[in-house]
Visitor: 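What follows is a single structure, and I will ask about it in a moment.
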Amino acid sequence: MSKAITARSQDYSQWYNDLVLKAELADYSAVRGCMVIKPYGFALWENMRDALDKMFKDTGHVNAYFPLFVPKSLFEAEEKNAEGFAKECAIVTHYRLKADPTQKGKLIVDPEAKLEEELVVRPTSEAIIWNTYKNWIQSYRDLPILVNQWANVVRWEMRTRLFLRTAEFLWQEGHTAHATKEEALVETKKMLDVYADFVENWMAVPVIKGVKTANERFAGAEDTYCIEALMQDGKALQAGTSHFLGQNFAKAFDVKFSDKENKLDYVWATSWGVSTRLIGALVMAHSDDEGLILPPKIAPLQVVIVPIYKGEEQKAAIDAKVNEIVVQLKKAGIRVKYDDSDQARPGWKFAEYEMKGVPLRLALGARDLEQGVVELARRDTREKKSMPLEGITEVILAQLDAIQKNLFDRARQYRDEHITPANNWEEFVNLLDTKGGFIAAHWDGTPETEEAIKEKTKATIRCIPLDTAPEQGVCVLTGKPSTQRVLFARAY
RNA sequence: CGGGAGGUAGUUCAGCCCGGUAGAAUACCUGGUUUGGGACCAGGGGGUCGCAGGUUCGAAUCCUGUCCUCCCGACCA
């Protein structure tokens with residue numbers, strides 16, 4: 001492993017790529033646009049997944065699993081949804097290979113094994129799920145259906161980046177069915193809140209809750225709610241979406257139910273998802289030029305202990321003490337590793353665990369042992385101090401909390417400092433080019449103006465924030481009247 | 001999908017223009033000395049030069065095709 005990664009100030013994109021590879025979160029693969037998630041990266045994803053899964057269960061949802069393949073006829077049923085995804089679908093057309101008669105040891109697609117109907121590899125699962133829900137729903141007594149699935153999806157992206165945009169990715173997709181519009185709307189917002197709660201309180205990444213404009217809306221949705229995060233380079237990243245689907249899919253798949261008065265009506269729907277892209281957000285929100293910085297609540301390892309010794313005798317004494325500490329820490333629920341390997345020297349280990357973003361490091365040497373202390377090093381502030389071994393578990397628990405809080409506060413301060421109002425076009429363009437971040441500006445509400453701004457500046461409307469007060473103003477581009485500021489940014 | 005750059009030891013890269021026994025650093029293995037911020041000495045192993053064709057007496061090097069990656073553009077629920 002080489003000794004450094006590209007500095008953020010030098011090349012932010014390269015820094016990100018270097019970091020993902022060197023921290024061993026992921027690797028490239030032999031398949032274009034598809035990555036290998038390595039064990040350390042997957043451990044991180046597992047922690048995120050487990051926390052989210054519990055939140056879903058706590059809000060009444062259950063898990064299920066639907067097929068990877070969607071028959072084309074089902075896929076095209078909801079027209080807007082199908083159109084929206086058509087350009088990035090992988091399609092299965094054959095079901096068999098055979099030996100190539102012209103080249104020994106090679107295989108060809110068997111032309112006689114062509115499928116009657118092509119199968120679309122799911123870019124999202126609304127179609128196959130609503131086709132299924134049709135069979136599950138007859139009356140209001142069958143509602144609501146609150147199902148989530150953890151799955152992979154495929155979107156044939158032209159330009160990919162590790163975690164941020166890959167051809168195949170892992171995610172969860174919730175698909176719910178309701179008797180009333182109101183209930184579906186409540187569900188949509190409830191799950192948006194769950195996402196915001198998770199991303200802020202577990203990942204320590206502050207988000208803005210908002211609604212997407214028509215241009216940015218999920219294909220097939222009535223409304224798309226989102227959480228938007230800000231990265232250290234001033235670009236925005238959509239961290240999660242929750243869609244109010246109205247009756248669009250119920251109509252497309254003919255899913256009706258009898259209400260209490262025995263009247264037939266179409267079912268109301270929502271869907272919501274977050275993906276492994278969140279890992280990209282996590283990396284770009286907190287990390288520095290030394291490597292990854294992980295929030296304790298989802299870090300695969302929260303504490304690493306490194307011994308410093310001369311000779312076997314010292315090592316044995318340190319081992320004995322550290323083993324006691326490890327038992328205590330594990331009892332307190334802390335994910336801890338004692339790296340007593342003799343393969344690397346302490347300095348090497350320090351750098352390695354910094355690259356991997358382990359929140360707290362303890363270093364224990366013979367001198368410390370004599371004095372009954374241990375060196376505590378925080379990854380987030382890179383601050384080191386000597387603490388008494390007595391009562392160290394409590395100190396560590398408090399430090400982990402402090403790190404979690406500091407990461408969030410730090411990211412929120414950066415985010416808050418990078419929401420800037422712009423009142424005219426010159427200001428708007430200038431802010432985008434010099435400062436970046438979110439720009440709060442008036443917009444006349446038309447897709448045409450949004451499109452024009454995008455063409456001129458590459459900035460899009462990230463969302464119409466949910467919690468801002470109405471304010472009279474004029475559109476930053478057209479000068480037409482506007483009633484609310486929206487957030488623009490260049491985005492991932 | 002268009003334009004540009006790249007792929008040679010586990011890793012980072014030199015060699016390619018001008019064809020002639022495949023190199024460096026680092027990592028790895030063995031032994032020893034070491035260990036409070038990426039240790040040092042000595043010895044050693046490791047590469048069908050992305051893959052497939054072609055030109056040539058001879059190809060990492062020239063030609064063609066193809067795959068993967070990066071950058072720019074188009075696209076991106």
Side-chain angles (χ1 to χ4, degrees), chain A residues 1-6 11-14 16-18 20-22 24 27-36 78 80-89 103 106 122-127 153-162 164-167 169 171 173 212 214-221 223-226 238 240-243 245 271-275 277 290-291 306-312 314-315 318 340-355 361-371 373-375 377 382 384 386 454-455 458 460 491-492:
Chain A
M1 183 160 302
S2 71
K3 289 176 183 171
I5 55 177
T6 305
D11 184 342
Y12 193 82
S13 290
Q14 196 57 48
Y16 174 81
N17 289 334
D18 286 356
V20 169
L21 297 172
K22 296 260 169 66
E24 300 189 285
D27 225 334
Y28 295 113
S29 74
V31 192
R32 173 167 49 200
C34 294
M35 65 175 175
V36 174
E78 209 295 323
K80 281 188 181 153
N81 184 252
E83 253 178 50
F85 284 103
K87 280 176 291 182
E88 41 189 332
C89 286
Q103 266 182 301
K106 302 286 182 188
R122 63 181 168 214
T124 180
S125 300
E126 275 78 3
V153 287
V154 169
R155 296 178 186 179
W156 212 263
E157 300 290 349
M158 289 298 136
R159 195 170 167 185
T160 58
R161 301 204 54 195
L162 295 167
L164 298 172
R165 176 168 284 115
T166 47
F169 57 90
W171 76 345
E173 45 182 329
K212 288 292 187 189
N215 281 354
E216 302 277 325
R217 192 179 291 151
F218 177 73
D223 260 318
T224 288
Y225 292 82
C226 63
Q238 177 178 296
T241 49
S242 183
H243 314 291
L245 301 175
S271 69
W272 26 275
V274 295
S275 71
R277 183 181 225 209
E290 311 304 318
V306 176
I308 297 159
Y309 55 90
K310 295 179 187 170
E312 284 306 310
Q314 283 191 3
K315 170 85 165 37
I318 292 168
D340 69 337
S341 119
D342 199 30
Q343 306 298 307
R345 301 170 80 244
W348 193 92
K349 293 178 185 173
F350 292 174
E352 176 67 12
Y353 291 110
E354 276 164 16
M355 182 63 75
R361 179 185 74 230
L362 269 59
L364 190 72
R367 288 206 306 264
D368 301 310
L369 207 52
E370 264 173 42
Q371 296 163 30
V373 298
V374 64
E375 183 191 82
R382 309 204 73 208
K384 290 194 280 198
S386 207
K454 184 180 174 182
E455 263 175 43
K458 290 185 184 174
T460 49
Y492 278 97

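Worth knowing before you read on, the calculation uses all heavy atoms, side chains too, and leaves out hydrogens, waters and symmetry mates. In what follows, chains carry the letters A, B, and so on, assigned in the order in which the sequence lines appear, proteins first and then strands, with residues in each chain numbered from 1.
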Visitor: With the side chain counted from C-beta on, respond yes when A:R217 and A:D223 share a heavy-atom pair under 4.5 Å apart, and no when they do not.
Guide: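 Counting from C-beta outward, A:R217 and A:D223 do come under 4.5 Å.
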Visitor: So A:R367 and A:V373, do their side chains get closer than 4.5 Å, heavy atoms only?
Guide: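 They are not in contact (no side-chain heavy atoms under 4.5 Å apart), so the answer is no.
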Visitor: Tell me which nucleotide, if any, is Watson-Crick or G-U wobble paired with B:G58 when both distances must be under 3.5 Å.
Guide: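 Its partner: none found.
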Visitor: Suppose we define a pair by two distances each less than 3.5 Å, Watson-Crick or G-U wobble; what does B:A24 pair with here?
Guide: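 Base-paired to B:U12.
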Visitor: Grab the N/O contacts between the protein and nucleotides 73-76 of chain B below 3.5 Å, and write none if there aren't any.
Guide:
| from | atom 1 | to | atom 2 | distance (Å) |
| --- | --- | --- | --- | --- |
| B:G73 | OP1 | A:K458 | NZ | 2.2 |
| B:C76 | O2 | A:R165 | NE | 2.9 |
| B:C76 | O2 | A:R165 | NH1 | 2.9 |
| B:C76 | O2 | A:R165 | NH2 | 2.6 |

Visitor: By nearest atom, which of the nucleotides B:C1, B:C71, B:G36 is closest to the A:R32 side chain?
Guide: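 Given the options B:C1, B:C71, B:G36, the side chain of A:R32 is closest to B:C1.
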Visitor: Taking pairing as Watson-Crick or G-U wobble with both contacts under 3.5 Å, can you name the mate of B:G19, or confirm there isn't one?
Guide: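 By the stated definition (distances under 3.5 Å), nothing pairs with B:G19.
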Visitor: Mind checking if A:T241 touches a base, just sugar-phosphate, or nothing, with heavy atoms under 4.0 Å?
Guide: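 A:T241: no heavy atom of the nucleic acid under 4.0 Å.
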Visitor: Specify the residue among A:Q14 and A:R382 whose closest nucleotide of RNA chain B lies further upstream toward the 5′ end.
Guide: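 Looking at the nearest nucleotide for each, A:R382 comes out on the 5' side.
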Visitor: Expressed in angstrom and rounded to an integer, what is the separation of A:D18 atom CG from B:U11 atom C1'?
Guide: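 For the pair A:D18 CG and B:U11 C1', the rounded distance is 12 Å.
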Visitor: Cation-pi between A:R361 and A:F350: NZ/CZ under 6.0 Å from ring centre and within 45° of the ring axis?
Guide: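 That pair qualifies as a cation-pi contact.
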Visitor: For the side chain of A:R367, starting at C-beta, report the closest nucleotide among B:G36, B:C70, B:G37.
Guide: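 Nucleotide nearest to A:R367's side chain: B:G36.
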Visitor: Rounded to whole angstroms, how far apart are CD on A:Q371 and P on B:G36?
Guide: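 In whole Å, B:G36 P lies 17 Å from A:Q371 CD.
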Visitor: Do A:R159 and A:R165 have side chains that get closer than 4.5 Å, going by heavy atoms?
Guide: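 The answer is no; the side chains never approach within 4.5 Å.
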Visitor: With a 3.5 angstrom cut-off on both distances, give the Watson-Crick or G-U wobble partner of B:C40, or none if there isn't one.
Guide: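 Matched B:C40 with B:G32 under the 3.5 Å cut-off.
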Visitor: Using purine N1 to pyrimidine N3 plus N6-O4 or O6-N4 for Watson-Crick, or N1-O2 and O6-N3 for G-U wobble, both under 3.5 Å, which nucleotide pairs with B:C49?
Guide: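 Its partner is none (no Watson-Crick or G-U wobble pair with both distances under 3.5 Å).
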Visitor: Would you kindly give the CG-to-P distance between A:D11 and B:C70, to the nearest whole Å?
Guide: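 A:D11 atom CG is separated from B:C70 atom P by 12 Å.
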Visitor: Using purine N1 to pyrimidine N3 plus N6-O4 or O6-N4 for Watson-Crick, or N1-O2 and O6-N3 for G-U wobble, each under 3.5 Å, what pairs with B:A74?
Guide: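 Here B:A74 is not engaged in any pair, so there is no nucleotide opposite it.
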Visitor: Please confirm whether the shortest side-chain N or O distance from A:Y28 to OP1 or OP2 of B:C70 is below 4.0 Å.
Guide: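 So the side-chain polar atoms of A:Y28 do come within 4.0 Å of the phosphate oxygens OP1 or OP2 of B:C70, strictly under.
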Visitor: My understanding is that a pair needs two contacts under 3.5 Å, Watson-Crick or G-U wobble. By that rule, which nucleotide pairs with B:A5?
Guide: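 In the structure as shown, B:A5 has B:U69 as its Watson-Crick or wobble partner.
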Visitor: Mind calculating the distance between NZ (A:K349) and C1' (B:U34) to the nearest angstrom?
Guide: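 After rounding, the gap between these two atoms is 14 Å.
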Visitor: Any donor-acceptor pair under 3.5 Å joining the side chain of A:E354 to the base of B:G37?
Guide: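 Indeed there is one.
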Visitor: Give A:A221 one of three labels, base, sugar-phosphate or nothing, depending on what nucleic acid heavy atoms sit under 4.0 Å from its own.
Guide: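 No contact.
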Visitor: Between A:L21 and A:L162, is there a side-chain heavy-atom distance shorter than 4.5 Å?
Guide: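 In short, these two side chains touch, coming nearer than 4.5 Å.
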Visitor: Separation of A:I5 atom CD1 from B:U11 atom C1', in whole Å?
Guide: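 After rounding, the reported distance stands at 16 Å.
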Visitor: Take atom NZ of A:K310 and atom P of B:U33, then tell me their distance rounded to the nearest Å.
Guide: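 Going from A:K310 (NZ) to B:U33 (P), I get 15 Å.
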Visitor: Mind checking the NE2-OH spacing from A:H243 to A:Y225? Nearest 0.5 Å is all I need.
Guide: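 Going from NE2 on A:H243 over to OH on A:Y225, the span is 12.5 Å.
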Visitor: A:Q343 has an atom CD; how far is it from atom C1' of B:C28, in whole Å?
Guide: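 Going from CD in A:Q343 over to C1' in B:C28 covers 11 Å.
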Visitor: Between B:C70, B:G36, B:G37, which nucleotide gets closest to the side-chain atoms of A:K384?
Guide: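 Between B:C70, B:G36, B:G37, the one nearest the side chain of A:K384 would be B:G37.
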Visitor: Under the side chain to side chain donor-acceptor pair (under 3.5 Å) rule, collect the residues that match up with A:Q314, sequence neighbours excluded.
Guide: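 Counting only residues at least two positions away or on another chain, A:Q314 forms no side chain to side chain donor-acceptor pair (under 3.5 Å).
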Visitor: Side chain of A:R161: nearest nucleotide among B:G36, B:G37, B:C71?
Guide: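 It is B:C71.
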Visitor: Counting only heavy atoms not in A:W171, do more than 12 sit closer than 6.0 Å to its CH2 atom?
Guide: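 Yes, CH2 of A:W171 has more than 12 neighbouring heavy atoms, counting only those of other groups under 6.0 Å.
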Visitor: Using whole Å, what does the distance between atom C1' of nucleotide B:A27 and atom CH2 of A:W348 come to?
Guide: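 Atom-to-atom, A:W348 to B:A27, this comes out as 10 Å.
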Visitor: Indicate yes or no: at least one non-hydrogen side-chain atom of A:F218 is less than 4.5 angstrom from one of A:F85.
Guide: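 When only atoms from C-beta onward are counted, A:F85 and A:F218 do touch, with a gap below 4.5 Å.
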